[in-house]
Amino acid sequence: MKKFLLVVSTGLVCFLLSCSSKKEESTSSSGMSDKAKKNLEASHIVSDAFKTGDISKIDSAIAPDFVDHTDKGDKTRDSLKAMVTWMHSKPSDMKMELVREFANDDYVYSHMHMKGTSDGSMGPKGTYDFNEIEVIRFNSEGKAVEHWAYEEVNEMMKMMGAMQAPADNKMDTTKKTDSKM
């Protein structure tokens, strides 16, 4: 339930940012601040590394004290580079599509669509197709210092084969008790 609320609140933040950025664009000739543009450029460097396997520019976009809060435990800049290299050492048909992004002086929010086929080394074997919200926090130099990724719970549960998502897209939150206590 906490993950669901986090995904909903992240979506709300993205919506509110989109509303405020349209207002800023109409009152300012440049639209986005230079710092926000620099943050977007850094975010694109990392996305391009995932698409191509080229990690040579990652140090220019990621701070040395970077922490990735996804998967199992926190990861560093070096473990991020190792993961990109590992992913490209295997044959893969992974596709990453940027659906939409929002940026300000501190964060970049990216809505990504991922699909492909897993060989089973990272999650269950078979095809995957899901949407993800990437949240990256930047320092004053325009380098990423923290990263989070959020997927819709029902989509991930379907992909993992753990359960079939309810048709109404709602989780059953009712408690069931045993009457023989």
Side-chain angles (χ1 to χ4, degrees), residues 3 6-7 10-11 13-14 17-18 21 25 30-153 155-156 158-160:
K3 286 184 181 180
L6 193 53
V7 170
T10 301
V13 167
C14 290
L17 285 174
S18 70
S21 72
E25 286 175 6
S30 65
M32 189 182 299
S33 74
D34 289 340
K35 184 158 179 3
K37 289 177 186 176
K38 186 174 182 176
N39 293 347
L40 271 177
E41 288 172 15
S43 176
H44 293 166
I45 287 171
V46 176
S47 293
D48 290 346
F50 273 98
K51 291 176 185 175
T52 66
D54 179 9
I55 61 170
S56 65
K57 297 178 185 173
I58 284 183
D59 288 349
S60 69
I62 306 288
D65 58 345
F66 172 77
V67 178
D68 185 357
H69 302 288
T70 59
D71 200 26
K72 298 174 180 111
D74 294 337
K75 297 184 197 92
T76 65
R77 179 172 72 179
D78 289 338
S79 59
L80 173 69
K81 291 192 285 190
M83 182 174 67
V84 170
T85 301
W86 174 79
M87 286 176 65
H88 284 274
S89 69
K90 301 177 164 296
S92 174
D93 62 348
M94 178 185 80
K95 301 284 186 244
M96 288 177 48
E97 174 192 0
L98 176 63
V99 178
R100 177 158 292 174
E101 62 188 1
F102 305 98
N104 63 25
D105 289 354
D106 299 314
Y107 290 91
V108 171
Y109 305 88
S110 303
H111 173 188
M112 305 293 288
H113 179 230
M114 318 276 205
K115 68 182 192 175
T117 307
S118 170
D119 66 357
S121 59
M122 235 177 128
K125 195 172 193 172
T127 60
Y128 58 88
D129 186 350
F130 65 95
N131 288 290
E132 181 171 86
I133 300 293
E134 303 275 339
V135 180
I136 306 168
R137 186 174 70 84
F138 290 84
N139 63 18
S140 59
E141 289 84 39
K143 290 193 175 192
V145 291
E146 288 186 282
H147 169 262
W148 300 266
Y150 304 99
E151 297 88 14
E152 184 177 355
V153 175
E155 282 188 30
M156 290 308 293
K158 279 193 310 191
M159 186 180 90
M160 305 280 299

Could you tell me whether a side-chain N or O of [X] sits under 3.5 Å from a main-chain N or O of [Y], the two making a donor and an acceptor?
| X | Y | result |
| --- | --- | --- |
| Asn139 | Val145 | no |
| Lys143 | Ala42 | no |
| Asp93 | Gly116 | no |
| Ser47 | His44 | no |

Determine the interplanar angle of the His69 and Trp148 rings, folded into 0 to 90°, and report it as parallel if under 30°, tilted if 30 to 60°, perpendicular if over 60°. parallel

Closest approach of Gly53 to Val84 (non-hydrogen atoms, all atoms of both residues):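 Taking Gly53 first and Val84 second, the nearest heavy atoms are CA-CG1, 4.0 Å.
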
Looking only at heavy atoms, the pair that brings Ala36 and Ala103 closest together is O-CB, 3.9 Å

Inter-residue atom distance [X].[atom1] - [Y].[atom2], 0.5 Å rounding:
| X | Y | atom1 | atom2 | answer |
| --- | --- | --- | --- | --- |
| Glu141 | Lys38 | CD | NZ | 7.5 Å |
| Leu80 | Ile58 | CG | CD1 | 5.0 Å |
| Leu98 | Glu134 | CG | CD | 10.0 Å |
| Tyr128 | Lys115 | OH | NZ | 11.0 Å |
| Asp106 | Glu146 | CG | CD | 11.5 Å |
| Asn39 | Asn104 | CG | CG | 7.5 Å |

Any side-chain heavy-atom pair from [X] and [Y] closer than 4.5 angstrom?
| X | Y | answer |
| --- | --- | --- |
| Met83 | Phe50 | yes |
| Asn131 | His111 | yes |
| Val99 | Met112 | no |
| Lys37 | Leu40 | no |

Report the C-alpha distance between Asp68 and His147 in whole Å, list the side-chain angles of each, state the deciding distance to 0.1 Å, and finish with yes or no for side-chain contact (heavy atoms from CB on, under 4.5 Å). CA-CA 5 Å; Asp68 185 357; His147 169 262; 2.7 Å; yes

After noting the C-alpha distance and the side-chain angles of Val135 and Tyr107, does the key distance pass the side-chain contact (heavy atoms from CB on, under 4.5 Å) rule? CA-CA 7 Å; Val135 180; Tyr107 290 91; 3.9 Å; yes

Sorted by first residue and then second, give each salt bridge (charged side-chain N to carboxylate O under 4.0 Å, His left out) pair with at least one member in residues 46-66; sequence neighbours left out.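 For residues 46-66: Asp59-Arg77, Asp59-Lys81.
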
Run the side-chain contact (heavy atoms from CB on, under 4.5 Å) check on Met114 and Glu151 step by step: do they pass? CA-CA 11 Å; Met114 318 276 205; Glu151 297 88 14; over 6 Å; no

